[in-house]
Participant: 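Take a look at the following structure, please.
What you see is a predicted model; the values in this text were computed from it and never measured.
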Protein chains: 2
Amino acid sequence: MNPSPVAVNAADTNGTTMSQMQSVEKQLREMILGLEIGPGERLTERWIERRFGASRTPVRAALLRLETEGLICRDGRGWTVSPINLAELEQIAVYREAVEVAAVRLTCTLSDKSVIDDIEAMLDSCDADTPREEWHRVGMDFHIELARLSGNDFLFRAVRDAMTRLSRARWLEVRDEAALGRAWTEHHAILAAVRAGNADAAARLLSAHIIGSRDRLVTSLHNDRRGLRARGFAVVAA
Amino acid sequence: MNPSPVAVNAADTNGTTMSQMQSVEKQLREMILGLEIGPGERLTERWIERRFGASRTPVRAALLRLETEGLICRDGRGWTVSPINLAELEQIAVYREAVEVAAVRLTCTLSDKSVIDDIEAMLDSCDADTPREEWHRVGMDFHIELARLSGNDFLFRAVRDAMTRLSRARWLEVRDEAALGRAWTEHHAILAAVRAGNADAAARLLSAHIIGSRDRLVTSLHNDRRGLRARGFAVVAA
DNA sequence: GATACCACTTTGGGATACCAAGTTGGTATT
DNA sequence: AATACCAACTTGGTATCCCAAAGTGGTATC
C-alpha cells in the first residue's frame, strides 16, 4: 500500500474513459473490498490523491459515494474504512431475508423461467478447481442476480448493496470446503423451487439459507476475532 | 424561485453551525420535497451556488448526496429533479411492504410496549383543525417511527428512504378528507395489533394498508396527470 | 427562406490556493 | 524528569481558477 504518484485512468468495459471520480471510486472500492486497506484503517484525502494521481475534487466525490455504500465512515475529522461490525452483520441478514424473500416470491410468478438457466449455469461454472475467490464472487452474484429477476429495482438494489456490505466479512470468514459445497447445494435447491413456481418453498429455503449463513458467518468471525485483530482488522463485537 | 445571492448558513437543532455542504443539502432537499422546485426541472450547479451563496465544492457534494437519495438524477451533463415515476411508485410500495412487514414483526416481539404510546400520541395529535401539511408529515412519520422500533437500522433506513421518495407524490395526491381519516384508522388498527403482540395480524393490516395506499395514490396521480403536467411537473407514466 | 458554419456563452469536471482547527514534536521552565 | 507551552505541520472545508465540451445565436451562403 505504498503511494505511487502515477495517474491511473481506468477505462470501463465500453472502452470509454471514466471520469476521475469514477476511477477513484472504483479503485478505492476494490481496495477496500479486497482488504488491501483493512477495516478500521484511517484514510486521508491527501493519501488518496497521491495514490491515484487525482486531485481533491474527484477524491472527495468518490469518498462521499463510498460513504453512502457504508464502506467508509466519518471519523470525526477524517475518514475510516468501516470496521467489521458483528451486530451490523446480524441486522443485515434480517434485512436481506426480508428483501430477498420478497424478490424471490415475485420471481416465482414469472412466466418465463428460462432466465433461471443463466443463474444455474453460473453456479455450475464452479468446480473443485475453481479458486476460492471465484466461489466467493459467484456466491454473492447468485443472490444479486436472483433479485434482479424480480424486476423490482428497489429490491434488486437493496440486495446488491447488502451483499456489498457483507462482502468483506464473507471473505474474512474461515470457511471450510464443506460450507462452500453446502451453500452450492442450497442455491440449487432454491433455484429448483423457483423453477417449479413454488413460492412458499423457495421463500422457506432462501430464508433458512440466509439465516444459516449468517449464523455460521458470525460464529466464524467471532471465534477468529483475535486472529483478525492481529492482522490489523478492526472487528467490533456484537 | 429567484436567486438571491445571500449566504444562508442554517444551524441545526444543536445550535452548532452546519457545514456549507450540509446546509445546501438540507435546504435543497426541502425545496425539492416541498415542490418549490418541480419534478423534472433542470438544475445547474451555478444556479445553486448563487441561490445559497455557497461555492461549488459544497454544492457538488450536496448534489451527490441528493442523487443517492433519488431526489435528483443525472441528465447527461447536468442535473434534473427526479420526475414523478408511476412505475417507480408501484415498485417502492412492494419494497416498503417487504421491509415494513419485517420490521413490524420484529417490533411485535418486543417486551416493552410502552414506546407504542409515543406513536399513538403522534397520531392523536392530528384533529380536524390540523393543517393538511401536518397530516402528511404525521402519516409519513408513523411508518418511519414504527420501523425504528424494530431496532434494525437497515430496515429503519430502508423505510425512511422509501418514504422520502414517496413524499412528493403523496403531497401531489388529490386526497379527500375521507382518505386521510381512512389512513388514520388503519394506522390505529396496526398499532393495536402490535400492542397485542399479534404479529400476523399486524403484518396483514400493514400489508393491506401499504398496497391500498399505493393503489389510491397511483390512481389519483394517473387521473390528475394533465393537471400536474400543466403545473410544470414531469410525471412519467407507469 | 433554408442551411451550413462559426464565434461566443454556459456548463460540469478538475486542479489548486487558502484557511481554520486540530496534532505533534520539541523546548524551556520548574 | 515532568510538565506547560508554542511553533510547525497536517487535515478537511471552502473558494476560485482553468479547461474541454456542449449548447446557442447570428451570419453568410446557396
Participant: Tell me: CZ of Arg50(B) to C1' of dT10(C), nearest whole Å?
Facilitator: 10 Å
Participant: Just jot down the side chain to side chain donor-acceptor pair (under 3.5 Å) partners of Asn223(A), sequence neighbours excluded, or say none.
Facilitator: none
Participant: List for me each residue that meets salt bridge (charged side-chain N to carboxylate O under 4.0 Å, His left out) alongside Arg74(A), sequence neighbours excluded, and say none if there are none.
Facilitator: Glu67(A)
Participant: Can you tell me the Watson-Crick or wobble partner of dC30(D), both distances under 3.5 angstrom?
Facilitator: dG1(C)
Participant: Asp112(A): which residues meet the side chain to side chain donor-acceptor pair (under 3.5 Å) condition with it, sequence neighbours left out?
Facilitator: Ser114(A)
Participant: Filter on side-chain hydrogen bond (donor to acceptor under 3.5 Å, both in side chains), then keep only pairs touching residues 149-158 of chain B, sequence neighbours left out; what's left?
Facilitator: Asp153(B)-Arg157(B)
Participant: Where along nucleotides 13-19 of chain D does protein come under 4.0 Å, by heavy atom, of base (B) or sugar-phosphate alone (S), with - for untouched nucleotides?
Facilitator: BBBB---
Participant: Take the protein atom CZ of Arg65(A) and the nucleotide atom P of dG13(C), then report the distance between them rounded to whole Å.
Facilitator: 11 Å
Participant: How would you list, by chain and number, every residue that makes a side chain to side chain donor-acceptor pair (under 3.5 Å) with Arg29(A), sequence neighbours excluded?
Facilitator: Glu25(A), Glu69(A)
Participant: Are any protein N/O atoms closer than 3.5 Å to N/O atoms in nucleotides 21-23 of chain C? If there are, list each pair with its distance.
Facilitator:
residue : atom : partner  : partner atom : Å
dA21(C) : N3   : Arg77(A) : NH2          : 3.4

Participant: Could you work out, with salt bridge (charged side-chain N to carboxylate O under 4.0 Å, His left out) as the rule, every residue matching Glu45(A), not counting sequence neighbours?
Facilitator: Arg56(A), Arg60(A)
Participant: Would you mind reading off the distance between Arg42(B) atom CZ and dA22(D) atom P, rounded to a whole angstrom?
Facilitator: 14 Å
Participant: Give a yes-or-no answer on whether the side chains of His143(A) and Arg96(A) include a donor-acceptor pair shorter than 3.5 Å.
Facilitator: yes
Participant: Once side chain to side chain donor-acceptor pair (under 3.5 Å) is applied, do any residues pair with Arg229(A), and if so which ones, sequence neighbours excluded?
Facilitator: none
Participant: Using whole Å, what does the distance between atom C1' of nucleotide dG14(C) and atom CG of Leu64(B) come to?
Facilitator: 14 Å
